[in-house]
Amino acid sequence: MIEGLLVMGGLGAILGLGLAIASKVFYVYVDPRIEAVEELLPGANCGGCGYPGCSANAEAIVKGESSPSSCVAASQEVIQQIAEIVGAKLELKEPEVAKPNCKYGVYEADRKYIYDGVRDCRAAILINGGEKECPIGCLGLGTCVKACPFGALSIGPDRLPVVNTEKCTGCGTCERVCPKGIIKLSSNSLAIVHEYTTDECTAPCQRACPAGIDIPAYIRAIREGDYAEALIIIKRSNPFPAVCGRICVHPCEYACRRNLIDEPVAINPLKRFVTDWEREKGMHVQVPRAPEREERIAVIGGGVEGLSAAYLLNRLGYNTKVHEATSKLGGLLWIGLPENRLPREVIEWDIKGILEAGVQVELNKMLGKDISVGSLFKEGYNAVLIATGGWDMKLYLSELVPDGFNPLPGVYLLIDLVRRKEIPIGSNCLIIGGGRSSLEAAKICKERGAKNVYILFRSSKQDSPIREEDLEKGVSVLFQTALTKMMGRDDKLEQVEVCEITEEGKEKEGSRRNIEIDTVIVGAGRFPELIYVRKDENSWETISPYAGPNVEQEVGIFRPGEAISDYKAAVEAIGSGRRMAASLYNYFRGLPVEPPSNMIRKDTEVLDVREVVNVRPVPRVKMAERSKDELINNPSLEISLGYTESEAREEAKRCLQCGLICYRKEKLN
Amino acid sequence: MRDILKLFLAVTIFSAVSGGLLSLVRSSTRARIEYQQLKFVKGPTLKEIMKGCQNDPITDRFKIKVGKKEETIFVGIFNGQPRAIALEAFGKGFHGPIGVLVGIDVKTNKIIGIGVTTHSETPGVGARVKTDPTFRAQFKGLPITQTFKVKADGGQIDAITGATISSRGVCNAVNNAIALYKKLRPEILKRLKNFKSKTLRS
Amino acid sequence: MDSYIVLIISCIFINNILLMQYLGNCPFLGVSKRMDTAFGMSMAVVFVIVMAGAVTWVVNYYILKPYDLEYLRTLSFILVIASLVQLVEMFLKKNIPALYAGLGIYLPLITTNCAVLGVCLINMKEEYDFLHTLVSSLSYSVGYGLALILFAAIRERILLARVPKPLQDTSIGLVTAGMFSLAFFGFKGMIH
Amino acid sequence: MLKRVFREFIKGLWEEIPPFRLVLGLCPTLAVTKRVEDAIGMGLAVIFVLTCSNVIVSSVRNFIPKQVRIACFIVVIATFVTIVELVMQAFTYHIYQALGIFIPLIVVNCILLGRAEAFASKNGIIYSFADGLGIGIGYTLSLTALAAIREIFGYGTFFNIPVFGPSFKPFSFMVKAPGAFVCLGLMLCIMNMFKK
């Protein structure tokens with residue numbers, strides 16, 4: 001009895017002492033809140049928060065690396081409790097739901113072979129990428145359904161996944177598990193900033209649209225009679241549907257697959273129809289707004305581009321204010337187009353919609369005169385978007401602006417310099433482009449006291465118009481170099497970042513460097529889209545919005561053909577406004593400001609069809625027009641009358657609802 | 001510091017109490033466990049050797065100290081007299097030690113029977129030293145004055161076909177047992193003189 | 001030398017702790033659903049079994065045997081193992097956080113992994129010397145890891161198969177383990 | 001109160017019956033179910049240990065520092081296991097031999113630590129007693145059911161009494177390791193079919 005007691009007691013004592021000492025020696029402080037948070041989390045370990053499990057997320061939440069609302073599966077109540085534990089301000093989260101992006105199930109799509117193996121997409125994909133002809137088609141074997149931790153997915157009768165949006169928490173498990181990347185999370189924000197990529201199902205019209213509207217989706221909504229939904233789909237990419245519905249150059253209709261058998265679907269008139277319906281109702285349909293975000297954004301320029309950017313940023317949750325130099329919003333819309341094609345009340349209607357959404361406006365405020373980038377940052381804005389865009393501002397405003405007018409800190413147009421206008425020249429000048437006139441500019445800079453003058457050329461030495469003997473002392477030429485960023489403080493430019501570019505116009509890895517520059521002279525005739533963001537108290541830097549699919553050269557600001565928009569079509573201005581919004585959204589979220597690497601560009605090869613079979617030719621529904629008599633009496637009346645509801649739905653039925661290679665086939669016998 | 005002390009004390013007290021409690025249980029079950037072990041491990045063999053005895057040799061056992069080890073001697077009573085004893089010894093077999101229980105008549109100094117208790121020989125071959133009754137029977141009645149050897153080594157025991165090494169192991173075990181018996185004989189006789197069986201049947 | 005080779009083969013294959021001796025099945029079914037967790041668990045098991053084997057041998061031969069206290073084996077072994085696991089956990093957490101991140105979450109599971117105590121008890125029952133104890137512990141734990149990783153590979157495949165609803169998950173896992181165990185029976189003839 | 005005690009007891013018999021509903025304690029379930037006799041022996045041992053350890057853990061639950069909680073619980077469990085081991089050795093030696101190493105391994109049967117941690121360390125003595133008894137009996141029932149199937153087909157006997165005629169060829173797969181896994185897997189499947 002005694003020895004047992006002693007031996008075990010001794011052993012216990014040694015181990016107990018060991019443990020006790022170890023617990024001090026190897027003491028690692030664990031925040032008790034981590035445990036508390038972990039207990040509250042649902043423990044589904046779905047990974048929707050982006051961490052490898054609930055406990056990892058709990059730790060990240062307490063550390064402040066993750067938001068209390070990062071758990072997609074937790075109820076609002078639980079999120080509230082977690083926020084109380086960590087004492088964090090609760091950031092509301094925009095709901096996201098899974099959205100399958102494949103329109104035709106295996107029975108309707110073209111198939112390479114018939115698969116009868118293991119009922120799992122991950123297995124099926126091993127055999128030549130699955131049975132569908134289309135490389136990105138849904139295999140419909142329900143891997144996502146099995147993976148869903150919340151039972152929100154099922155496979156429908158057409159063997160495509162169906163999402164129960166009530167149950168879907170947007171955890172993204174399906175997105176991660178789908179071997180084809182077909183099911184993706186979606187929300188209004190994600191739709192706004194979306195660019196079409198090669199690994200998703202897109203229709204030809206969609207790819208052709210400069211604004212990137214999901215055309216088949218809104219036509220389907222019209223066919224189903226859900227006009228409000230159609231408007232939301234359109235307005236996610238284009239806040240001027242009523243205007244565009246009348247004056248758009250509709251590249252989409254040229255791309256329409258129906259051209260192969262009869263006439264294109266009346267895509268644009270259908271857009272007009274829903275806006276007519278909206279105007280008849282007298283109420284603007286708005287894209288739901290994401291939860292309020294902190295950042296305040298000033299948009300310079302109340303034209304189509306600036307208003308589009310402001311509206312979409314507002315829908316993304318930001319606080320936006322448009323600063324317009326004139327007394328009227330809308331810019332070129334008022335001048336370029338005859339009233340009988342674009343009635344004035346239509347312009348007003350779209351602008352009213354944007355203002356109703358909560359975009360603030362300040363008229364008669366000119367950048368460089370009444371306000372400046374520095375002053376806007378002082379007012380507390382986090383970013384300033386330059387969307388002076390469409391018309392050549394300098395030409396138009398030349399009489400209104402005083403000498404020395406300077407909208408962008410330290411940036412001047414070369415034309416002003418050579419015209420010998422009073423431009424303050426600092427000691428370090430950078431001249432961008434301008435061919436041989438850059439030499440003259442360099443000379444002027446030197447005359448006016450610049451110590452160092454750099455001339456930046458994108459071309460190589462051989463291709464440039466500059467000869468060795470032209471160069472003065474103190475002027476250096478940088479070939480194959482582009483300006484990528486400007487940095488400064490208040491209204492002063494202090495530094496620029498340049499990089500070298502390759503023959504193909506791509507950035508050379510690791511060639512970025514900073515140069516002290518206080519004056520930039522731009523050879524172009526106008527200023528491009530540019531975003532200034534505040535870094536801290538009063539210093540700032542620029543980010544250049546990423547270029548759309550049509551741009552050939554992407555690197556650098558003040559590059560040829562860089563201004564994303566010009567005055568050839570409103571829809572292009574809208575598209576570039578949206579890309580500015582998307583660029584800023586990515587910047588604020590810490591993502592790279594660039595389009596997805598597999599974005600569909602002008603020259604991207606996309607799977608397509610050459611002929612359309614099993615489709616009955618149906619003539620396009622003609623829009624009624626006003627009678628000649630009426631028009632003669634009142635020439636400013638709109639010529640076209642638009643579709644009636646039944647006509648619109650009839651026309652919407654003509655849409656083939658195309659995918660990459662799928663389209664709606666009929667049984668023709 | 002108080003935390004550490006608490007931690008330390010908790011583990012110590014718990015293990016000490018458990019240790020004590022177990023010692024208690026152990027001491028109260030010890031005798032029975034030993035009996036059970038003997039009964040199940042050696043019981044069947046012992047019964048075979050001491051066929052016709054009037055007592056339970058497992059209960060009627062005593063121990064003699066040899067150096068550090070204790071040897072257990074089982075006593076068999078025949079005709080009211082403690083005539084036979086059995087003791088265990090080991091010999092090296094093919095796969096390990098073979099335990100053999102050897103029964104000896106203390107009056108005539110002849111073997112009354114042997115039996116294998118533990119072994120790890122190949123089933124169906126070497127293991128037959130335990131199961132084959134004719135092999136065991138060869139030892140019966142032989143005097144302990146001789147040394148046992150298999151015929152291959154020039155002895156008197158027929159080895160089991162294909163299991164010479166195992167058979168040799170048994171012989172060695174028997175020799176060891178006899179050697180042990182010879183060494184302990186005076187002590188055994190002394191103990192047997194005043195032997196009182198607890199399980200004697202008439 | 002031969003005895004070690006025989007010991008290694010017998011511990012890894014013939015007497016595979018998991019499939020032949022039925023030890024350590026709860027974590028076996030629990031962590032074999034994914035390859036990476038199975039691998040982590042295997043590493044942790046190898047680590048702990050070898051350490052526990054060595055420590056319990058010392059406890060047995062220097063504390064229990066001299067005082068004839070072998071009936072306290074269960075109690076003292078489990079106490080030693082539990083403390084050891086906890087110590088290792090604390091040590092890793094403090095000094096080698098990278099390793100802790102890999103193995104740490106499996107360590108508490110191991111305290112109740114009967115394979116650990118099982119191997120220690122088997123070592124004592126077979127009365128191995130210290131070196132044999134180490135070899136046998138290592139081989140048993142490698143056998144455990146082998147079975148676990150192979151099984152995880154199979155289970156990842158089963159996920160793709162259409163399994164009747166009631167048979168899903170643990171149920172089909174057990175049936176598969178049965179087939180697996182049957183395959184390991186094939187090793188029986190390796191050593192007579 | 002009485003009602004709750006009853007509820008805690010009854011849940012172990014169906015709702016949370018191990019190892020089917022609580023997939024814990026698989027090793028002994030596989031290893032000692034060759035014969036009904038062994039299974040019942042194991043079951044009784046588990047009932048005893050589980051009930052006692054639950055009661056003890058529940059009664060000292062407020063004195064144990066959190067960091068060494070597991071170590072202390074394990075010591076309590078190990079003590080009762082050793083008691084069972086000694087008692088079995090003394091009185092039912094052949095069952096002790098059949099169960100072999102699995103008696104000491106009751107210590108690491110996750111059911112015991114699981115109940116101590118999940119239930120007894122949070123609930124009162126009476127409830128813990130009921131819980132331990134219920135789960136223990138449930139476990140015994142499961143073991144017995146599995147053992148009955150394996151023994152009847154594997155040896156052709158039930159409680160060592162032959163149930164088939166002399167011409168029966170034992171289906172020895174059932175009493176080998178693979179049979180144990182497959183048999184338990186299929187039983188789990190049947191249980192799942194009952195579960196709605």
Side-chain angles (χ1 to χ4, degrees), chain B residues 1-48 56-59 61 72 74 88 99 101 115-120 123-124 127 130 198-199, chain D residues 37-38 41 45 48-49 51-101 103-104 106-108 112-113 116-117 120-121 160 172:
Chain B
M1 201 58 215
R2 271 197 60 190
D3 279 358
I4 290 196
L5 200 68
K6 219 171 139 192
L7 246 151
F8 166 70
L9 279 180
V11 179
T12 314
I13 293 172
F14 261 86
S15 7
V17 169
S18 307
L21 188 67
L22 285 182
S23 303
L24 215 64
V25 177
R26 161 75 174 174
S27 54
S28 54
T29 54
R30 185 173 201 150
R32 228 193 118 75
I33 289 173
E34 204 180 328
Y35 174 77
Q36 289 272 344
Q37 271 172 351
L38 292 174
K39 184 175 159 196
F40 280 92
V41 179
K42 310 216 165 97
T45 318
L46 201 57
K47 226 179 193 169
E48 189 73 29
D56 174 10
I58 297 172
T59 316
R61 65 181 193 273
T72 308
F74 303 95
E88 194 181 21
L101 209 53
V116 175
T117 50
T118 57
H119 72 94
S120 46
K130 178 169 179 146
K198 289 169 224 153
T199 56
Chain D
E37 201 180 358
D38 303 345
F48 172 76
V49 177
T51 317
C52 294
S53 69
N54 253 12
V55 167
I56 299 287
V57 164
S58 164
S59 54
V60 298
R61 66 184 190 276
N62 295 328
F63 307 110
I64 302 180
K66 211 176 147 209
Q67 299 94 313
V68 291
R69 161 179 104 245
I70 301 282
C72 293
F73 292 169
I74 276 198
V75 168
V76 172
I77 294 167
T79 309
F80 287 109
V81 169
T82 314
I83 291 176
V84 166
E85 193 182 357
L86 292 171
V87 169
M88 269 201 168
Q89 236 173 322
F91 296 98
T92 52
Y93 193 79
H94 62 287
I95 294 185
Y96 168 78
Q97 271 193 315
L99 300 179
I101 192 176
I103 296 274
I106 296 177
V107 178
V108 277
L112 290 144
L113 198 61
E117 170 89 356
S121 67
N160 300 330
S172 59

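Sequence lines set the chain letters: A, B, ... in the order given, protein chains first and strands last, and positions in each chain run from 1. Heavy atoms only: backbone and side chains are in, while hydrogens, waters and symmetry mates are out. No experiment lies behind these values; they were computed from the predicted model shown.
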### Segment of E34(B) engaging chain D (4.5 angstrom heavy-atom cut-off)
neither

### Message
With a 3.5 Å distance limit and no angle check, can you tell me whether T79(D) reaches the backbone of S18(B) through a side-chain donor-acceptor pair?
### Response
no

### Task
Using a 4.5 Å cut-off on heavy atoms from C-beta on, say whether the side chain of V49(D) contacts that of V84(D).
yes

### Query
Have D56(B) and T59(B) got a donor and an acceptor in their side chains that come within less than 3.5 Å?
yes

### Task
Would you confirm whether K130(B), through its side chain, and T117(B), through its main-chain N or O, come within 3.5 Å as a donor-acceptor pair?
yes

### Contact origin within I64(D) toward chain B - heavy atom pairs under 4.5 Å
side chain

### Task
Report the C-alpha separation of I13(B) and F8(B) in whole Å, then their side-chain angles, then the decisive distance to 0.1 Å, and conclude whether the side chain to side chain contact (heavy atoms under 4.5 Å, CB included) test is met.
CA-CA 9 Å; I13(B) 293 172; F8(B) 166 70; over 6 Å; no

### Task
Please check if the side chain of R32(B) supplies one atom and the backbone of T29(B) the other of a donor-acceptor pair under 3.5 Å.
no

### Task
Give a yes or no on whether the backbone of S58(D) and the side-chain of R61(D) come within a donor-acceptor separation of less than 3.5 Å.
yes

### Task
Could you please state which residues from residues 85-92 of chain D sit under 4.5 angstrom from chain B, measuring non-hydrogen atom to non-hydrogen atom, sorted by number, or 'none'?
L86(D), Q89(D), A90(D), F91(D)

